[in-house]
K.L.:
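The structure that follows is given in the form of structure tokens.
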Amino acid sequence: DEIKQFNIGIMGGENARDRMTSNECYRAAIEAELGVPVKIFTPADYDGVIQGLLGGTLDMAWLGASGYAKIYLTDPNAVVPVLTKQNMDGSTGYYAFGFARKDSGITSVEQAKGKSFAFADPNSTSGYLVPGAELTEKFGKLEDFFSEVRFSGGHEQSIVAVANGDVAAGVTWADGLGEWEDGYNSGAFRKAADAGLIDMNDLVQIWQSKLIPEGPMVVRNVLPQDVKDKITKLTADLHETDKACAYGVAHGEAKDFVPVTHAEYEGVVAARKLQESNS
Amino acid sequence: MPDSAIPATSRPDMAATSHAYFELLRRRRLYGGILLILFVALMVSGFRLAESRNAGGFIDGLPMLLAFPAEVVAEAWEKRAALPGIFIEHFPSLIETLNIAAVSTLLGGIAAMILALLSTRGLARWPRLTGLFRRLMDMFRAIPEIVIALLLIYILGGGPVPAVIAISLHTAGALGKLFSEAAENADRKPVEGLSSVGATWSQQMWLGVIPQVAPNWLSYALLRFEINVRASAILGFVGEGGIGYDLKIAMQWGMGRYDQVVGIFLLLFMAIVLIDRLSDHLRNRLVKG
Amino acid sequence: MLEVRNVTRVFGSRAAVDNISFAIDRPAFVGIIGRSGAGKSTFLRMLNRLTDASAGQMLVDGRDVLALRGADRRAWQSQCAMIFQQFNLVPRMDVASNVLHGLLNRRSTLATMFNLWPRTDIERALQILDRLGIAEQAPKRAEALSGGQQQRVAIARALMQDPRIILADEPIASLDPMNAQIVMDTLKRINVEDGRMVIANLHTLDTARRYCDRVIGMRDGRIVFDGTPEQLSTGVARDIYGADAGFNEAATSTAIPTDHEPDRSYADRMLA
Amino acid sequence: MLEVRNVTRVFGSRAAVDNISFAIDRPAFVGIIGRSGAGKSTFLRMLNRLTDASAGQMLVDGRDVLALRGADRRAWQSQCAMIFQQFNLVPRMDVASNVLHGLLNRRSTLATMFNLWPRTDIERALQILDRLGIAEQAPKRAEALSGGQQQRVAIARALMQDPRIILADEPIASLDPMNAQIVMDTLKRINVEDGRMVIANLHTLDTARRYCDRVIGMRDGRIVFDGTPEQLSTGVARDIYGADAGFNEAATSTAIPTDHEPDRSYADRMLA
Amino acid sequence: MSAIDLSPALSDAVATRFARRRLLSLGIPALVLAYLVYAAISFDLAGLAGRARMDNASVLLSDFWLHKTHVTRQNRTGALSVAIDGEAKGTYPADRLPDWIARDGQTTTIDLGDGHLVTYLPGGARYDVPDYGVIDIREGADGVQLTAPQPLPDWINASDTRVSVTTDAGRFAYTRAKAETFRYQPGWALFFFALDSPFHYMSWPQIAASALWGDRVDPSMPNIVAMAQDFWNNPMWRHGDVIWAMFETVLMAFLGTFGAALIALPLGFMAARNMMPFGPLRFALRRVFDFIRGVDGLIWTIVLARAFGPGPMTGSLAIMLTDTGSFGKMFSEAFENIDEKQVEGIRSTGANGLQRARFGVLPQVMPVLLSQVLYFLESNTRGATVIGAIVGGGIGLLLTQAIQTQKDWEDVAYYMVLIVLTVMAMDSLSGWLRRKLIMGE
Ligand SMILES: Nc1ncnc2c1ncn2[C@@H]1O[C@H](COP(=O)(O)OP(=O)(O)OP(=O)(O)O)[C@@H](O)[C@H]1O
Ligand SMILES: Nc1ncnc2c1ncn2[C@@H]1O[C@H](COP(=O)(O)OP(=O)(O)OP(=O)(O)O)[C@@H](O)[C@H]1O
Ligand SMILES: [Mg+2]
Ligand SMILES: [Mg+2]
């Protein structure tokens with residue numbers, strides 16, 4: 001059957017206006033390919049995109065691994081993962097980094113004991129799920145280990161909160177490639193440093209997680225197969241056809257978009273199931 | 001009995017009267033019709049525009065309306081045994097939310113009293129500045145609480161204080177306008193009487209105006225408190241403390257913590273309904289005497 | 001024409017109207033007098049079906065109007081116009097619209113909801129207003145009129161109903177003597193000229209004596225007098241009002257005391 | 001004591017009080033008469049500093065009270081009590097509190113706002129109320145009192161101020177003749193017994209004749225008469241009121257027409 | 001004053017009353033004060049004073065009306081870019097740099113004003129700070145080397161990978177990758193025309209002249225149209241999007257409020273004691289009103305988002321739902337307070353239920369209902385801002401996100417001004433409508 005329009009959901013991380021701008025070329029390309037109106041929606045938090053996908057009002061979105069796990073756990077048949085981002089070094093994953101202000105004297109998570117700690121967003125993989133699970137495993141219940149565990153609302157907010165001294169330490173994501181002073185090659189540090197929000201000199205790294213799989217691009221399961229194929233192909237070829245556009249879609253430099261299946265995310269789904277019980 | 005039983009004893013100016021009335025009627029129908037068509041057109045085209053800019057359509061969405069609540073309630077029902085525990089766990093947050101509302105209603109109410117008296121024609125301390133105070137109240141009212149709160153979080157860090165300041169400012173503006181309208185209708189004679197004995201402005205207001213308007217003002221303030229409880233919960237939702245924050249965290253996690261969502265929601269809802277009832281009752285008593 | 005048979009209305013445990021019966025066989029001007037709480041209003045309201053009766057029948061041309069339900073009841077109400085002490089107009093609507101409300105039962109609901117009246121109806125409303133001497137007030141809001149004028153609008157609404165019976169519940173109690181006289185004269189003229197039956201609750205004896213063909217006296221829900229105005233002696237009045245020997249009839253009077261001429265001539269001018 | 005020099009007050013382009021001058025050298029009972037709009041109220045309000053003058057001086061013991069500002073002005077107001085036609089009490093507060101308001105200028109603002117009155121003040125207020133015959137009303141709300149009682153509360157408030165001058169702006173215009181007499185008698189007594197100057201606007205000639213030592217007649221903002229009550233002939237009155245030859249003095253009278261005795265004895269009893 | 005003997009009972013009674021009142025008038029403020037003190041403690045007001053960051057406040061205040069220009073050199077390639085707020089769309093074309101930047105071969109001189117001079121040299125940079133001296137940076141083999149008058153003041157932050165300098169005139173940072181200078185200047189940069197518009201390079205009189213009689217810049221359209229287009233599509237400020245978003249917000253409020261009023265009118269009738277004889281339905285309706293009113297619009301937004309997805313319709317439906325609860329309650333109360341006489345007058349003519357409602361009830365409650373609806377319209381415009389932030393639409397989304405990223409403060413100021421103006425406009429509009437529709441029928 002035919003589709004009458006195609007809606008893309010874009011997750012938070014930058015301000016809405018910038019999200020619209022950096023994805024405009026992508027939107028236009030899809031519109032040309034599918035021949036139906038394509039719209040971009042930029043809800044204020046992860047949950048808006050997830051609800052849209054679950055309810056069937058959004059047809060496609062780039063998700064974090066945790067967001068995908070949440071959808072999968074709610075309704076395994078709602079969406080399929082099709083593509084993920086391949087980094088410059090060929091890896092398809094990234095890391096969560098714990099960090100603190102340099103002048104706070106904190107250099108490891110142990111030293112942050114009894115101080116306040118910021119996660120990004122409860123639905124964020126690198127901003128909460130994975131670091132939350134790993135740290136809990138190592139230090140026990142985090143609410144007891146730290147004086148206060150708080151959700152800043154997003155990666156950008158976590159970085160700013162730590163840089164401002166509102167919280168003693170926090171986590172955010174980066175690819176772990178390149179130099180700390182530049183905020184690594186890509187990730188939340190790089191964005192914040194490029195934007196002049198922070199000076200990387202002021203921050204130190206205190207912890208690094210295991211490799212976290214990049215979030216998938218998902219499409220809604222009930223879409224006609226040819227639509228799914230067209231979108232997948234267009235996106236997979238984006239780095240070859242329009243480099244600048246791919247930069248915007250990938251939130252920075254990346255090598256390519258490569259196919260992915262549900263199997264890659266079983267670990268994250270399991271982590272999420274685990275977190276659920278010890279809430 | 002036929003109509004013709006009424007004798008046609010029209011006076012000569014009857015034709016003119018009748019003509020004038022029909023003319024009036026025509027004009028009134030024309031304006032009424034235009035207004036009606038305009039309103040319907042605005043509503044219909046507005047709705048279609050909103051629908052076209054929405055991700056999902058209205059008709060397509062209707063069958064899904066209950067999907068989310070059903071999901072939530074089903075899970076909460078399964079874990080219903082945990083509810084009392086959830087109530088107890090989140091009760092301190094509820095108290096914080098209520099405290100934010102109460103403090104901002106108090107502070108905003110006091111500011112509103114002063115602003116209202118300063119901007120009421122005939123009572124103002126500095127009659128030339130009434131316009132200024134009015135615009136000030138308009139500004140306070142126009143800025144959404146959430147904006148002030150988010151700005152203040154940046155300066156003051158999280159916590160209840162930004163919420164208190166934000167809600168207080170808004171309350172000062174909103175109540176100030178209502179207070180000043182009530183004061184405008186107050187009887188001026190007592191004020192003049194007090195003025196004639198050499199009373200200061202504050203004495204004139206405190207003894208001459210406030211006793212007159214107190215029941216009305218109190219009733220408005222109670223209504224505002226009710227509104228502020230909601231506002232304070234909502235501010236929690238966008239990043240302050242209180243029960244709204246707890247609700248957001250649980251809600252964002254989604255499946256697996258829906259029991260928390262329902263528990264927190266019920267707690268908040270019961271508090272709101274209780275306050276609503278109480279303030280309704282008190283207000284009725286205040287205004288009726 | 002109208003036959004009332006053993007009609008009773010009980011409120012709680014008290015009977016406001018207590019088993020009354022009487023018959024009226026021609027379009028007379030009937031006055032009902034009695035002190036406050038005697039049941040006068042309740043009786044009129046039952047006849048107009050604003051209040052339900054507890055028992056009894058009221059036959060109009062042989063049909064029991066108390067038994068009517070739904071649309072039949074409303075059809076009866078439209079034939080039996082009611083005039084209230086407080087006028088009961090819609091104050092925010094104009095006078096002509098208020099008069100047109102008399103037709104609500106006869107026109108389609110949809111058209112009336114949008115205030116769409118046929119031109120002939122409007123013309124008739126204006127004619128009736130003209131007959132009552134207030135045609136120039138037609139475009140004004142009802143609330144902008146004086147009490148006497150408002151009561152005449154209420155009468156116009158009643159006439160618009162083209163009713164068989166006009167019921168008037170203390171129509172002049174809220175009016176000053178001048179206006180009271182105009183209103184009573186109007187009712188009398190309608191009674192005489194159109195031949196419509198008028199039943200009016202009155203709270204003063206002299207008005208009853210002056211305008212009525214027949215007077216019914218009520219006390220505590222019962223009929224204690226039924227006769228011509230001439231039969232209404234002070235003794236009977238004492239009986240009706242339950243007053244002691246100190247009863248002074250003048251105390252209930254609202255008539256303009258002395259010289260009636262200027263008022264009457266004014267009223268005639270107004271009604272010409 | 002009081003000397004008024006070329007005082008003028010202009011509203012818009014009209015002079016409500018137009019260059020008036022006079023002097024009063026002893027605590028007399030002065031009446032100001034004149035028709036509505038003559039400028040009587042405006043004059044009193046200027047003296048009490050409720051309204052600002054456009055030009056001129058009012059000297060009290062040599063000091064120009066029109067030039068006072070801020071706290072000085074309020075201090076002067078506290079020495080110059082004002083009684084209003086509509087009493088201007090705080091209706092929702094009790095009588096005793098209203099009387100205590102006379103002290104507002106002498107006690108600290110904060111203390112008065114928290115209702116902290118010394119017991120001696122309260123007792124003095126009660127004594128004054130007692131002197132005016134309404135001590136039992138002390139705990140009642142002012143609005144619960146009759147007009148005459150309220151005016152006496154207003155006088156009590158004035159006495160509480162322990163003023164040098166009492167101004168009364170048509171103090172009896174809203175009262176019935178009975179109460180009017182009591183109030184005027186009270187003012188007269190205060191004038192005679194306490195030796196306080198009283199200046200009263202009056203709208204009836206007979207009251208002025210009966211109570212005043214000196215009468216000032218105003219017309220269109222100017223003083224057109226200044227003399228003793230005895231000099232106040234009907235001709236002069238016509239002049240003041242700008243009336244034509246058909247002027248009937250009785251039309252302005254509010255006195256109780258015939259037998260004054262019972263009222264007077266009642267008033268005496270009340271004031272005993 | 002003659003001392004007349006008062007009845008002691010009376011004087012005591014009055015004194016007691018005063019004592020009681022005194023207790024009350026001191027007690028209530030004392031209670032309020034005590035509560036505020038408790039709140040201050042429980043809100044940790046003392047701790048807040050320590051946490052408050054007044055430097056953030058000054059950043060915020062100045063960023064409301066300042067803009068900064070980034071002058072960046074990629075040290076490896078030597079490429080220079082001058083961009084307002086560091087954004088690609090604010091980048092000056094290489095041949096039209098602002099006049100305070102001078103290029104001479106490999107050397108770039110940046111005049112920050114007040115004698116502050118930054119110079120990018122091959123393999124390093126220099127910053128002349130008046131009253132301090134010259135800060136000199138050289139790239140060495142093992143990082144960046146700093147030469148500057150000792151001791152180093154705290155406004156210079158140096159490590160061997162990075163040097164940054166912050167002065168009143170601007171900010172300067174040097175790493176191996178790039179040299180960057182920020183110059184702060186007052187005003188909202190590029191507010192009317194962005195750098196890609198020819199009108200940016202004109203002064204106001206020139207713009208006026210070109211609009212009226214100048215040669216066409218774009219031959220296909222008059223200059224005034226081109227100006228409007230350039231303004232509307234300004235890539236920095238995106239006025240078009242912002243105005244649309246504002247409009248979307250007002251639209252949500254309008255649809256929500258009036259939609260709710262239309263639904264609540266019949267429901268209100270059914271919930272009024274004197275209109276609805278069937279008690280259980282009335283009771284049920286009232287509880288439904290209580291429920292949807294008690295659940296805030298925000299929660300409804302989230303519930304509805306599943307069914308309708310993000311967008312303005314979802315927002316307006318959420319407002320509609322909440323307000324149906326409020327209006328249902330308020331309308332039914334208004335119906336219960338009507339003057340029954342009018343209804344009875346209409347009833348006595350044989351009118352049916354609809355007609356009684358239309359003529360007996362509506363004319364008298366209309367002014368009350370209308371003024372309530374208009375009051376809500378104004379406050380919903382504000383509420384729609386918040387709902388839009390959640391549901392992904394309207395000015396609220398732009399605003400909250402601009403605040404949360406904590407750098408686009410000039411945008412925040414812009415949105416706030418727009419919102420305040422719009423709400424005030426709605427306020428006067430509803431006041432005007434109220435006067436117009438209620439005073440004169
Ligand atoms: N709706 C009602 N509910 C209860 N009692 C009622 C009601 N209507 C009337 N009554 C009572 O019925 C009795 C008769 O009332 P009704 O109004 O018929 O008297 P009335 O003769 O018209 O008196 P009035 O001159 O005061 O209008 C009174 O005792 C009244 O209190
Ligand atoms: N506040 C004001 N603004 C404008 N005009 C005023 C004001 N107060 C008084 N006037 C005018 O000044 C004139 C004198 O008024 P004033 O009240 O002094 O008269 P009066 O002799 O007290 O009359 P009355 O017997 O009616 O009280 C009147 O024409 C009045 O309209
Ligand atoms: Mg009656
Ligand atoms: Mg006067």
Side-chain angles (χ1 to χ4, degrees), chain B residues 39 42-43 46-47 49-58 60-69 71 95-96 99-100 102-103 106-107 138-139 141-147 150-151 153-157 159-161 164 174 230 233-234 237-239 244 247 251 265 268-269 272-273 276, chain E residues 32 35-36 39 42-45 48 51-54 56-57 60 248 251-252 254-255 258-259 262 290-291 293-296 298-299 302-317 382-383 385-386 389 392-393 396 399-400 403-404 406 412 416 419-424 427:
Chain B
F39 177 72
L42 271 177
M43 283 299 283
F47 186 79
L49 180 69
E51 193 182 14
S52 76
R53 290 174 73 89
N54 214 62
F58 183 68
D60 300 339
L62 278 181
M64 300 278 300
L65 205 53
L66 290 178
F68 182 62
E71 235 168 60
I95 296 295
E96 182 174 2
N99 273 336
I100 291 174
V103 171
L106 270 175
L107 296 180
D138 286 352
M139 285 261 296
R141 247 172 333 118
I143 308 176
E145 289 113 323
I146 193 170
V147 174
L150 287 175
L151 291 181
I153 293 176
Y154 178 65
I155 299 168
L156 300 176
V161 177
V164 167
R230 246 169 273 227
I234 291 311
F237 210 88
V238 297
L247 184 60
M251 199 109 152
F265 173 76
L268 178 61
F269 180 72
I272 287 179
V273 169
D276 189 301
Chain E
V32 169
Y35 176 70
L36 288 179
S42 90
F43 292 169
D44 188 22
L45 210 58
L48 183 83
R51 268 181 289 128
R53 298 182 43 100
M54 285 310 148
N56 279 356
L60 186 147
E248 223 170 51
L251 182 69
M252 280 195 266
F254 172 79
L255 290 178
F258 283 99
L262 291 179
D290 283 352
F291 178 73
R293 221 158 31 90
V295 181
D296 195 88
L298 213 62
I299 310 277
I302 292 165
V303 170
L304 293 178
R306 168 68 73 86
F308 303 111
M313 186 185 75
T314 309
S316 55
L317 288 178
R382 227 175 318 102
T385 315
V386 181
L399 180 73
T400 46
I403 292 176
Q404 279 172 353
Q406 305 202 343
V412 174
M416 269 172 49
I419 292 172
V420 169
L421 288 182
T422 309
V423 175
M424 280 181 168
D427 195 12

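For the numbers below, each heavy atom of this structure counts, side chains included, while hydrogens, waters and symmetry mates do not. Here is the naming used below: chain letters follow the sequence lines, and residue numbers restart at 1 for every chain.
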K.L.:
Please give me the minimum heavy-atom distance between B:Ala50 and E:Pro312, naming the atom from each residue.
P.N.:
O-CG, 3.7 Å
K.L.:
So which of B:Arg53, B:Met139, B:Met64 has the largest heavy-atom pair count under 4.5 angstrom toward chain E?
P.N.:
B:Arg53
K.L.:
Heavy-atom distance under 4.5 Å to chain B: side chain of E:Leu262, backbone, both or neither?
P.N.:
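Side chain of E:Leu262 only, per the 4.5 Å heavy-atom cut-off to chain B.
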K.L.:
Please state whether the rings of E:Phe308 and B:Phe58 are parallel, tilted or perpendicular, taking 30° and 60° as the class boundaries.
P.N.:
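Because their plane-to-plane angle is under 30°, the rings of E:Phe308 and B:Phe58 count as parallel.
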K.L.:
So, taking the atom named CG in E:Leu399 and the one named CG in B:Leu151, what distance separates them when rounded to the nearest 0.5 Å?
P.N.:
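Result: 7.5 Å between the selected atoms.
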K.L.:
Pick whichever of E:Leu45, E:Ile419, E:Leu317, E:Val420 has the most heavy-atom pairs under 4.5 Å with chain B.
P.N.:
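It is E:Val420.
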K.L.:
Select one option (side chain, backbone, both, neither) describing which atoms of B:Leu62 are under 4.5 Å from chain E's heavy atoms.
P.N.:
both
K.L.:
Mind ranking E:Val295, E:Leu36, E:Val32 by heavy-atom pairs under 4.5 Å with chain B and telling me who comes out on top?
P.N.:
E:Val295
K.L.:
Looking only at heavy atoms and a cut-off of under 4.5 Å, which of B:Ser52, B:Ala142, B:Gly46, B:Gly56 has the most pairs with chain E?
P.N.:
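Highest number of heavy-atom pairs under 4.5 Å: B:Ala142.
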K.L.:
Using heavy-atom distances under 4.5 Å, tell me whether E:Thr314 contacts chain B through its side chain, its backbone, both, or neither.
P.N.:
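For E:Thr314, the contact with chain B is made by backbone and side chain together.
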K.L.:
Against chain E, label B:Phe47 side chain, backbone, both or neither, depending on which of its atoms sit under 4.5 Å from a heavy atom there.
P.N.:
both
K.L.:
Which heavy atom of B:Val103 sits nearest to which heavy atom of E:Phe43, and what is that distance?
P.N.:
CG2-CE1, 4.2 Å
K.L.:
For E:Gly294 versus B:Ile272, what's the shortest heavy-atom pair and its separation?
P.N.:
O-CD1, 3.8 Å
K.L.:
Heavy-atom distance under 4.5 Å to chain B: side chain of E:Leu255, backbone, both or neither?
P.N.:
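For E:Leu255, heavy atoms of backbone and side chain both lie under 4.5 Å from chain B.
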K.L.:
Measure the spacing between CG of B:Asn54 and CG of E:Leu304 and express it to the nearest 0.5 Å.
P.N.:
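Result: 10.0 Å between the selected atoms.
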K.L.:
Considering only heavy atoms, which portion of B:Leu66 lies under 4.5 Å from any heavy atom of chain E: side chain, backbone, both, or neither?
P.N.:
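For B:Leu66, there is no contact with chain E at all, as no heavy atom is under 4.5 Å.
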K.L.:
Name the region of B:Ile155, side chain, backbone, both or neither, that has any atom closer than 4.5 Å to a heavy atom of chain E.
P.N.:
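Both the backbone and the side chain of B:Ile155 come within 4.5 Å of chain E.
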K.L.:
So which part of B:Glu145 gets closer than 4.5 Å to some heavy atom of chain E, the side chain, the backbone, both or neither?
P.N.:
neither
K.L.:
Applying side-chain hydrogen bond (donor to acceptor under 3.5 Å, both in side chains), can you list everything that pairs with B:Asp276, at least two apart in sequence or on another chain?
P.N.:
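In terms of side-chain hydrogen bond (donor to acceptor under 3.5 Å, both in side chains), with neighbours along the sequence ignored, B:Asp276 is linked to E:Arg293.
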K.L.:
Within the side chain of E:Arg382, is there an N or O that forms a donor-acceptor pair under 3.5 Å with the backbone of B:Arg141?
P.N.:
yes
K.L.:
What part of B:Ile95 gets closer than 4.5 Å to chain E, counting heavy atoms only: side chain, backbone, both or neither?
P.N.:
side chain
K.L.:
Dump the intermediate steps for side chain to side chain contact (heavy atoms under 4.5 Å, CB included) on E:Phe291 and B:Val273, then the final yes or no.
P.N.:
CA-CA 8 Å; E:Phe291 178 73; B:Val273 169; over 6 Å; no
K.L.:
Return the CD1 to CG distance between E:Ile302 and B:Leu247, rounded to the nearest 0.5 Å.
P.N.:
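The CD1 atom of E:Ile302 sits 7.0 Å away from the CG atom of B:Leu247.
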K.L.:
At what distance, to the nearest 0.5 angstrom, does CD1 of B:Ile234 lie from CG of E:Asp296?
P.N.:
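One gets 3.5 Å once the value is rounded to the nearest 0.5 Å.
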K.L.:
Between E:Asp427 and chain B, with a heavy-atom cut-off of 4.5 Å, which part of the residue counts as in contact: side chain, backbone, both or neither?
P.N.:
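When you check distances to chain B, only side chain atoms of E:Asp427 fall under 4.5 Å.
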K.L.:
Please look at B:Leu106 and chain E and tell me whether the side chain, the backbone, both or neither of the residue comes under 4.5 angstrom of a heavy atom of that chain.
P.N.:
side chain
K.L.:
From B:Leu49 CG over to E:Ser316 OG, what is the distance, rounded to the nearest 0.5 angstrom?
P.N.:
10.0 Å
